[in-house]
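Right, one structure below, let's go through it.
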Amino acid sequence: MTTGAIVVAIISFVLGALLALMMIPILVWLERRGAGLVQDRLGPNRTNIFGFRLGGVVQSFADVVKLVLKEEYYPSHISKHRWLFMLVPSITFVAALLAFMVIPFADNVVIGGESLRIQPLPVDFGVLWFMAIGAIGVVGIMLGGWLSHNKYALMGSTRAGSMMIGYELPLGLAIVSFIITYNTIDFNAMVAWQSGTVLGFLPAWGILVQPLGAIILIVALFAETNRNPFSVSEGESEIVAGYMTEYTAMKFAIYFMGEYVAMNTASAVIITMVFGGYQLPWVGTVDLVTHFNAFALAIMAVLPIGILFFIRWMQKNNSLRPSVRSDGSREYEAKVFTYVLIAMTLIVEAILIYLILSPEAFLSRTIAVTLLQIAIFVFKLMLFNLFFILVRWTLPRFRYDQVQHLGWYYLLPLSLLNLFVTAIIVVGVG
Amino acid sequence: MSRKIKVVPRYGSNIKDKLYLPAIYQGMKVTFKHLMANVADSNAIETLEYPEEQPSDITQRYRGLHRLTHREDESIACVACFMCATACPARCIFIEAVEREDGRDEKMPKRFAIDTLECVFCGYCVEACPCDAIRMDTGIFSLIGSSREDFVLEKEQLLAHKGAFGEEKSCARK
Amino acid sequence: MVPEPFFALATLLFSLGIIGIVSRRNLFVVYMSIELMLSSVNLVLVIFSRLRGDMDGSVIALLLIGVIAAEAALFLAIIIHLVRISRSVDSDAFDELKQAKESR
Amino acid sequence: MLENSIFLILAIFLIGGGLTMVWSRETIISAFGFFVAMLAMAGVFALLGNSFLFLAQIMVSVGAVVVLSMMVITAINLKEENLPDEPNKLRWIFFTALIVTPFSLLMYRTLVSVHQNFAHTSEGYGSLKVLGEALFKDWVLSFEVISVLLLAAMVGAVVIARKELSDGA
Amino acid sequence: MRECRIVSQKFDIYQSHKLDIAKEHGAYSSLKDAFALSPHEIVEIIKLSGLRGKGGGGAPAGAKWALMPQDGAQTSYLAVNCDESEPGTFKDRQIISKDPHLLLEGIIITCYAIRSHSAYIYIRGEYSQFAKILQEAIDEAYGAGILGADVMGLGYGVDVTIHRGAGAYICGEKSAMLESLEGKRGHPRLKPKRPEPEWYFGNPTLVNNVETITTVPYIIKHGANGYRAYGTEQSPGTLLFAISGHINKPGVYEAEFGTPMMEYINRYGGGIRGGKKLKAVIPGGASTAVLTAAEAECAILDYEHMRTIGSALGTGGMIVMDEDTDMVEALKNLLEFYHHESCGQCTPCREGTGWSDTLLGRVLDGKGSNEDIDKILELAKTMDGQTICVFAPAVAIVIRAFIGKFRDEFEARVNR
Amino acid sequence: MSFVFSEENLAKIEALKLRYPSPAALSLPCLWMAQYQDGHISLEAIEVIGELIGTPPMEIYRVATFYTMFHLEPIGKYHFQLCKTLSCALCGKAEVLEHLIQRLGIRPGESSDDGKFALSQVECLGSCGTAPVMQMNDLYYENLTPEKIDAILESLEGEHR
Amino acid sequence: MSQIEIVIDEKKYAAQEGLLLIDLLIREGLKVPYFCYHEALGADGNCRMCMVEIEGQKRPQIACDTNIKEGMIVRTKGQMIESVRRRILELELINHPVDCAICDQAGECKLQDFYMDYGLYDSKIDQAEKVHHKKHIDLGSNVMLDQERCVLCARCTRFTSDITKTHELGIVGRGDHARVTTMPGKKLDNPYAMNVVDLCPVGALTSKDFRFAQRVWFLTSTPSVCHGCAKGCNIFIDHNKEKYKDERIYRFRPRPNADVNGYFICDAGRLSYKELQENRQLEMLIDGMVSKEDEAVACYHKLVADGGKIVILADANLYTEELEAIQKYAHILGAQLCAPLESYRDESFGDDWLKSSQRAANAKGVEKLGIAQILSTDPVALLINFNHPDGSKIKAQKSIHLQTHQMEGKADLVLPLAPFSESSGTLVNEDGIEQFCPKAIWRNEPLMSAIEWIDLLQGGER
């Protein structure tokens, strides 16, 4: 392995870890703030460090501090397998985290004639990995529920288990149909396949090529992550908090984080498989690299305008109502951020100018394109996470029997049908 | 009364309802509408900026902090019958009864304390009181203390609270 | 690659499976012991596949995994049925076909 | 060196998991031991360079078998008092181990000798492509038979575990 | 309607309470006849005569006498009830003040008949001046050897003791009277379930009204048929009817049973005072149902007939009310009486009399409502038949009769 | 202040004891004697009577409170008790009462300040034929009119003088 | 008396002929309201609440004055009988002040119960129209009287006149002015006076001792036996655990037992719960210093290991089981065991009814077990005293005191002992009747009984 390969591997691994872990507080914040805004509330907006609130993200860090510092408390009836009780949340967390690690964040970079994957775990069987590792997570939930010695926890874990079994099948069949379509089990290849177009004008994204498969995939992944409307395994209205009932402090936090990591993973998988991954629509990696100057100019033009709008929006909204007496910290924060944003914009513009003006910097351009793709990926990821969140605050929770009914009676036959049709088409068309 | 009954049509029988997707779309539309509007101008949200803005619309039926009422002659109206303590689902009312010496009644509380940390503000005590001696009409909705003991309101504190809606004296017993 | 440690490991696991089947009365443990034995066989197959350098062993192992899955479904269904009958997972509890002793 | 240590760790997990499984009185802990053992087994497959088997092992043994067992354990709500009473468990295990030991040694010897007796022939081990080709060319009959078996097992499982309607379920 | 003088024969004689004057007019003349008979025979004669108790109930006296043990194993007593407190009744007072010796003669015969050697006359506390007259008569009788260890040398001893009450209407009830005679509060006793004599300190005791006892010598002298010559078949003999209220000549006049009420009122009572119209009559002491003028027109003074018209003959003490009388006030007056006189032993009476009085007070003050009147009627229902003695049922009768017959007056009060 | 029965009364009691099956029956006669002797019945008298007839004083006290004619408190020397029951009420009791109140200056239930007169309304005195009627201590005054009241009061005052 | 069958509410019941109908109704648990009737006092027939319908009788009859006859058909339910009961109950409440809020009887008040069962009408009278009497009169002997609440059932007066024969209480006055009182200037004064509080079906007579202490519906009753004397009167321990606090006894009530105490207990026994809760020994003391359990056990072993003659004193109030355990323990230690009964005698206490001069509750049990009763006067090396009051009379070099209450005198080791209410066992009363007392009080930090201490000291686990 060359040095470049090692550097790229380390960078992509770190990137994956960061994307998975740093996303947790942000997602928590997004969930709360999103819920608040959907419900005509403000959500967390008070916690600050030296007056910097970052729109409330700081609250999440405060939460983390709180959860870490909380007293480790065990219910007295959990006396026998305390170590296991403490251990099992991490099974869920680690499984979700590992499953995330096969997602490609950008197209392969060619450095020194060697094609390198921008993928934390550079494997070519990403889909299978995701399916295999993703299935482990439920073991943690079931063990935790059982070891809680609590009827609600038990019910929660039973529900989680049966739901996992119920939705793993349609999920697998949907993925198989995608595998047939893309003719690969490598995520990267899948993304590459999607960079083309179908019917001449539509981006060849999975959602357009395989709409039914895509919907089944999305629904099944919602179910797999125990997110609303499928959150029956913790259904507060019936079984307190399901498998998490007896969990407190950091043990609870690991379950909690596991859920967000799983959500993040699910989003990443959905993006990668049906929304073109890190690709811009219509524009493949090669196009980006070859027409780099044009894109750079476009970005140079769009970015300042976008930032300007953002600054104005921020200044407007990062303040208390006029009727409320303010201590000025919010205005100060907005001012600081305005300068920071302007500075960052200027730096980006400068870099782009440099890249445009130096035609020899092929490597730099490749890196820039990769960064752009990562940015696109993160942007899509955030969008899809937001979608997850908005769904949660829109739809009511299904009843448990409805969930099972949906899984077995609709999704499974539909996915089989989809597989069948896909196979016929693929074989027929060639 | 019968005219006020609103018959809600049953959904879910036709294919459109069974598909759920239109309903989901409608739901998402509402969600997005609120989200976008609020993102665009978060100051338009009518949520109270609480510590700076105080609620001004507390109604008479709002169950605020408790108070003990007085009789016409400023003596305590409570006769320590323990009805509130009996009705209390949180068992947060602590009463010690003692002989009343002023001749107005036989019994009065020596100690009457409410542990507001345990209180669930259900208002059962008010309902249970045969003497109209305890009310929750102070309009006080936040109580701040630095120790657990601060939240145990004693008789004197409860008597010192004023009703937020007038009608100071207890009317049940003279 | 030195195959002996792998062989030893497979043998050990197989023995463990036998021990579990023979000495335990909990139906779940019995069942999982069977699975363990099957897995150890799998391991041997894979080792030989690796040693031979072709995929036949692996294929058999793969097929065996399918058998494991089938077995799991059946065995668990049987356990559910038995539990429903007698509220017990004790393998000694299901001795209705045994010749009755006088005392019973 | 790295491979050896990985093997050692995996072996420890495997044996530990298996022992826990055999040893533990509580079924769920047995299942946990089994889970660990199966994961470690998958690791061993990976160590042997067989990535597809690694994934298949996790998917089936862990994702299906372990989850299903746990699912059944939780669903029938197996409590302490429903567990069989095994007063002589340790003795049983000990004696069985005593009896099994010679057989294991024999087995080990057999395996080693078999290994020494056959030739190392073709190359091309490990890749998914080769596996697929072998599966769908040489072993396609077995593959189909297995799929029929799976189907039969599925039907059988449903029939066995189904509650009688007359139970009032 | 003929003149009849069984009890009141000596009423018009000056100083008839003196022994010598009484003797002149035939006092104690029946004793010899009586002692010639066996006690059992006397009881049979009394039974035959159909003598009815004259204290208000009208129960056959003979049957009561027959309950007394005849074997003489236990000491038995005679208690003469002179606790005459029924408003409108004042006949016993006439007997003990005008002819006490006839009473004593009756007592001696009765004692002989029931094998008793002690008789008590329970006289109401207010009658102290009449008690004094009676006491003097007894003293005289003792002096003459008529009372004491050997009555007139006939070989039978009778002691007579006057026991003064102290102002409790309820002591007119026989068991309450015996309680009072035992020196306790005059609480009526729980009624036995089958007929049996009363008990005084655990001894069988005969309790009879003064007038009943006073009738006995006549029956002994003239035989059962001699007594049956008067009155009707069911109610033989005579009764001292008393009349008071809005009447020209109030007083006590003996008349035989079966006399029409109006005839009695007009002939003895001399008609309504001031020539006004009759409105209502309470026929036999306050505890009987009031009669309207129309009912009074056709009322005949005997036990059976009075019962058929929904009232009772009671003690025969009539209270006449003329057209100006306010019936609400009249009822209020009576309820005050009952409220004051209830002994307070059992609940319906203790609280019911008081509350009906209170409620009627509301009506009278103009603060009442029709509901209050209904409530009074409901109280009457509660008081009727749920108590130890007949005091509360009597109140119930009074309330029902007044409100039932004059409801319009009550409602007029409410609506005024 | 203690209560002692006069010799005469004691003799009477002893004589009466022979007439009754149990001395307990003597509570009423004894109470009468005590009242005649003192004008009212004191608690000491009750104790003495209880001892005399072998009954707990509480029982005597209960008896004394039951009968309205026993006075446990001192009362005016001349006790006017006007009948208020139906016959008397019908025959003009109200007029007589008005007059009495006016003449004596006390309301029913009160005693005059000098302790001479007491006025009360009582229930039926059993003299309805001569209504309205009044009892002054033991004496009955019948067919009352305001004039008759005047006469009675005058004679009483004369006697007193 | 022959056994006959009668029909009540269409069900057949066997009973002795001539039995009072109300006794049968109470025995069979049929609902019948009554105030004046009491098993110990008999019928008085004044409350008129126990009305039943008897076939063949025109009017409803009171069950407390009806003797059972063959073939009697009785109805205790039905609209008619309930309306009668309701109307009479309404009258009971006419002059009642309805001050349940401040009435200690509330919760165990017959008036309340019957109002909920039969009454439930709207009141038609206001306070001003009611007859007013005196409230809160101190009758003496810890009894408070409220004449307004009284329903004049005469239970209390019948108790003082028929049972104690002291005649303190009586109903005076007439009609609705009748009221219960004592003679003016006299007090209720007899050693059984507080039983009238239990007898009173309403709140007229309340205990001054229990006055306002607790509402009765908070109390839990545990059957037990009074430890005041050897009579062994049956009691209920009424106790309650208030939030955050230790469980407390609020009163003793007599528990009917025809063989021992009938329906009553003496006042001294009734108030003995106070002594039970005062001056309690709650800590382990080594030489007067508060110490922990393991230290105390170590100290014990040291003291026992020193050797010499050991004397064990046992309290005759301990349960038989505990005495047996102590006996065994003494045998193991080779110690001399004695339980002098003479120390408990109090000739001034006893009477011929429910008070015994022997004030040790389990004196008979001590005799039965054959425990020596002589107080040794020789000097001994170690004294282990199980709560015996005469522990200080023995001359001992070292002493271990297990005591329920703080005592005079010094001891090398003081261990807290659970009193009778906090442990369970059997007592033998002076008539030889064995009675079991369950554990009533569960302290937050439980104290150990003698048996548990012996187990622990001999090396067991707590």
Side-chain angles (χ1 to χ4, degrees), chain E residues 75 77 84-90 92-93 118 120 124-130 132 159 161 163-169 171 180-187 200-203 242-246 250-252 273 282 286 317 319-322 325 329-330 333-334 336-337 340-341 343-344, chain F residues 15-16 18-33 35-36 41 49 53-55 59-71 81 83-94 121-131 133 135 137-140 142-143:
Chain E
T75 326
Y77 295 96
E84 185 182 49
S85 317
E86 187 75 35
T89 312
F90 42 102
D92 296 352
R93 168 193 157 175
S118 301
Y120 303 100
R124 65 178 301 192
E126 288 88 343
Y127 281 178
S128 57
Q129 72 199 76
F130 313 118
K132 224 173 262 168
D159 277 326
T161 315
H163 193 97
R164 271 185 77 192
Y169 169 74
C171 291
S180 182
L181 211 51
E182 286 184 11
K184 299 180 192 156
R185 289 156 69 89
H187 282 174
Y200 179 55
F201 282 117
N203 301 313
I243 189 159
S244 60
H246 295 141
V252 176
R273 195 156 67 183
I282 297 174
I319 301 174
V320 177
M321 287 172 269
D322 68 18
T325 316
E329 271 173 18
N333 189 299
L334 286 176
E336 273 173 23
F337 171 76
H340 185 255
E341 294 296 346
C343 78
Chain F
L16 277 175
L18 302 172
R19 291 288 183 88
Y20 289 94
S22 158
L26 285 176
S27 59
L28 256 75
C30 290
L31 283 167
W32 274 122
M33 284 176 213
Q35 177 152 322
Y36 278 120
I41 297 165
I49 293 168
I53 64 174
T55 309
E59 296 299 319
I60 307 286
Y61 182 66
R62 292 179 61 200
V63 169
T65 56
F66 185 78
Y67 297 99
T68 49
M69 292 184 76
F70 293 131
H71 306 300
Q81 301 161 62
C83 173
K84 65 180 268 265
T85 315
L86 194 54
S87 291
C88 296
L90 291 173
C91 297
K93 175 220 82 175
Q121 294 197 70
V122 295
E123 299 296 348
C124 188
L125 287 173
S127 193
C128 313
T130 49
V133 68
Q135 191 180 25
N137 295 353
D138 280 351
L139 276 175
Y140 272 36
E142 301 172 345
N143 289 325

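Labels below follow one simple rule: chain letters A, B, ... track the order of the sequence lines, proteins then strands, and each chain is numbered from 1.
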Report which part of [X] has an atom under 4.5 Å of a heavy atom belonging to chain F: side chain, backbone, both, or neither.
{"X": "E:Ala330", "answer": "both"}
{"X": "E:Phe201", "answer": "side chain"}
{"X": "E:Ser180", "answer": "both"}
{"X": "E:Ser85", "answer": "backbone"}
{"X": "E:Cys171", "answer": "side chain"}
{"X": "E:Val320", "answer": "backbone"}

Among the options [options], pick out the one with the most heavy-atom pairs lying under 4.5 Å from chain E.
{"options": "F:Gly129, F:Ala89, F:Cys83, F:Ser22", "answer": "F:Gly129"}
{"options": "F:Cys30, F:Ser87, F:Pro23", "answer": "F:Ser87"}
{"options": "F:Ala24, F:Cys88, F:Pro21", "answer": "F:Pro21"}

ring-ring contact (aromatic ring centres under 6.0 Å, His included) partners for E:Tyr120, two or more places apart: E:Tyr77, E:Tyr200, F:Tyr20

Between [options], which shows the greatest number of heavy-atom pairs under 4.5 Å with chain F?
{"options": "E:Gly186, E:Ala286, E:Gly245, E:Cys343", "answer": "E:Gly186"}
{"options": "E:Arg164, E:Glu329, E:Lys132, E:Glu182", "answer": "E:Arg164"}
{"options": "E:His187, E:His163, E:Arg273", "answer": "E:His163"}
{"options": "E:Glu86, E:Glu84, E:Arg124", "answer": "E:Arg124"}
{"options": "E:Asp92, E:Thr161, E:Thr89", "answer": "E:Thr161"}
{"options": "E:Gly125, E:Ala242, E:Gly202, E:Gly251", "answer": "E:Gly125"}

Hey, could you give me the [atom1]/[atom2] distance between [X] and [Y], rounded to the nearest 0.5 Å?
{"X": "F:Leu90", "Y": "E:Ile319", "atom1": "CG", "atom2": "CD1", "value": "7.0 Å"}
{"X": "F:Asp138", "Y": "E:Phe130", "atom1": "CG", "atom2": "CZ", "value": "11.0 Å"}
{"X": "F:Thr68", "Y": "E:Tyr169", "atom1": "OG1", "atom2": "OH", "value": "14.0 Å"}
{"X": "F:Thr85", "Y": "E:Leu334", "atom1": "OG1", "atom2": "CG", "value": "8.0 Å"}
{"X": "F:Leu28", "Y": "E:Arg185", "atom1": "CG", "atom2": "CZ", "value": "12.0 Å"}
{"X": "F:Ser127", "Y": "E:Phe90", "atom1": "OG", "atom2": "CZ", "value": "7.0 Å"}

Under the side chain to side chain contact (heavy atoms under 4.5 Å, CB included) test, which residues partner F:Lys84, sequence neighbours left out? E:Glu336, F:Lys93, F:Gln121, F:Glu123

Taking all atoms of both residues into account, what is the closest heavy-atom pair of F:Cys128 and E:Pro87, and its distance? SG-C, 4.1 Å

Can you name the closest pair of heavy atoms from E:Ala166 and F:Tyr67 and give their distance? O-CB, 3.2 Å

Which bit of [X] is near chain E, if near means a heavy-atom gap under 4.5 Å: side chain, backbone, both or neither?
{"X": "F:Thr130", "result": "side chain"}
{"X": "F:Leu139", "result": "both"}
{"X": "F:Gln135", "result": "side chain"}

Heavy-atom distance under 4.5 Å between the side chains of [X] and [Y], does that happen here?
{"X": "F:Phe66", "Y": "E:Lys184", "result": "no"}
{"X": "E:Glu126", "Y": "F:Met69", "result": "yes"}
{"X": "E:Ser128", "Y": "F:Tyr36", "result": "yes"}

